[in-house]
Amino acid sequence: MKKKASLFSPSAFAVAPDPARFCRPARRELTFLFGKLQDIVPTNGDCYLTACNGILRIIDRYRPPVAGCQVLIEWAGRNDWAHVRVNPERLVTGEGITLQGDQLREVTVIGVAIGEVLSARDAVSSARSARH
């Protein structure tokens with residue numbers, strides 16, 4: 001009997017071979033902004049500043065996903081952010097859709113979010129709302 005690969009094992013997710021592949025202008029959901037990210041924040045060469053669905057995050061393309069982290073995924077012909085959950089293994093997208101079981105075979109994890117970029121205005125307004 002063949003053992004089912006765990007969502008959290010490195011062989012369980014496919015890494016996108018080329019980030020430019022996901023930069024299709026017709027979609028306008030996902031944009032890779034190439035630059036010297038390492039000069040701004042401490043990252044390695046596998047990290048990219050990525051905008052998807054209006055959210056700007058730094059992703060590491062080769063970091064394995066763990067429970068509780070956010071990942072950038074491609075599924076059903078589109079890209080989205082998702083949270084990794086366990087017991088049972090599943091992904092919950094930004095729209096609240098839960099992907100589990102056989103649905104996970106159709107998901108490609110592009111990278112693990114290691115940081116989020118907020119505008120100064122958003123950061124100030126969220127700090128103010130947290131105080132009240």
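No chain of hydrophobic side-chain contacts below 4.5 Å, direct or via other Ile, Leu, Val, Met, Phe, Trp or Tyr residues, connects V92 to W81.
In terms of heavy-atom proximity, H83 sits nearest to G68 at ND1-O, 4.3 Å. Scanning both residues, L56 and A51, for their nearest heavy atoms gives CD1-CB, 3.8 Å. For the residue pair L104 and Q100, the shortest heavy atom distance occurs at CG-CA, 3.9 Å.
Here the side chain of R78 pairs no donor or acceptor atom with the backbone of E74 at under 3.5 angstrom.
When side chains are defined from C-beta on, V84 does not count as touching V66, because their heavy atoms never get closer than 4.5 Å. Y48 is not listed as a side-chain neighbour of I58, based on a closest heavy-atom distance of 4.5 Å or more.
Of the residues D80, V107, V112, I110, the one that meets the side chain to side chain contact (heavy atoms under 4.5 Å, CB included) test with V71 is V112.
Remark: N87 engages no residue in a side-chain hydrogen bond (donor to acceptor under 3.5 Å, both in side chains) (not counting sequence neighbours). In this view, I97 and W75, T93, E95, L99 satisfy the side-chain contact (heavy atoms from CB on, under 4.5 Å) rule, not counting sequence neighbours. Not a single side-chain contact (heavy atoms from CB on, under 4.5 Å) links E106 to another residue, sequence neighbours left out.
We find the CG-CD1 distance between L72 and I59 to be 5.0 Å, quoted to the nearest 0.5 Å. A distance of 11.5 Å separates CD of Q70 from CG of L91, quoted to the nearest 0.5 Å. Note that SG of C47 is 7.0 Å distant from CZ of R63, once rounded to the nearest 0.5 Å.
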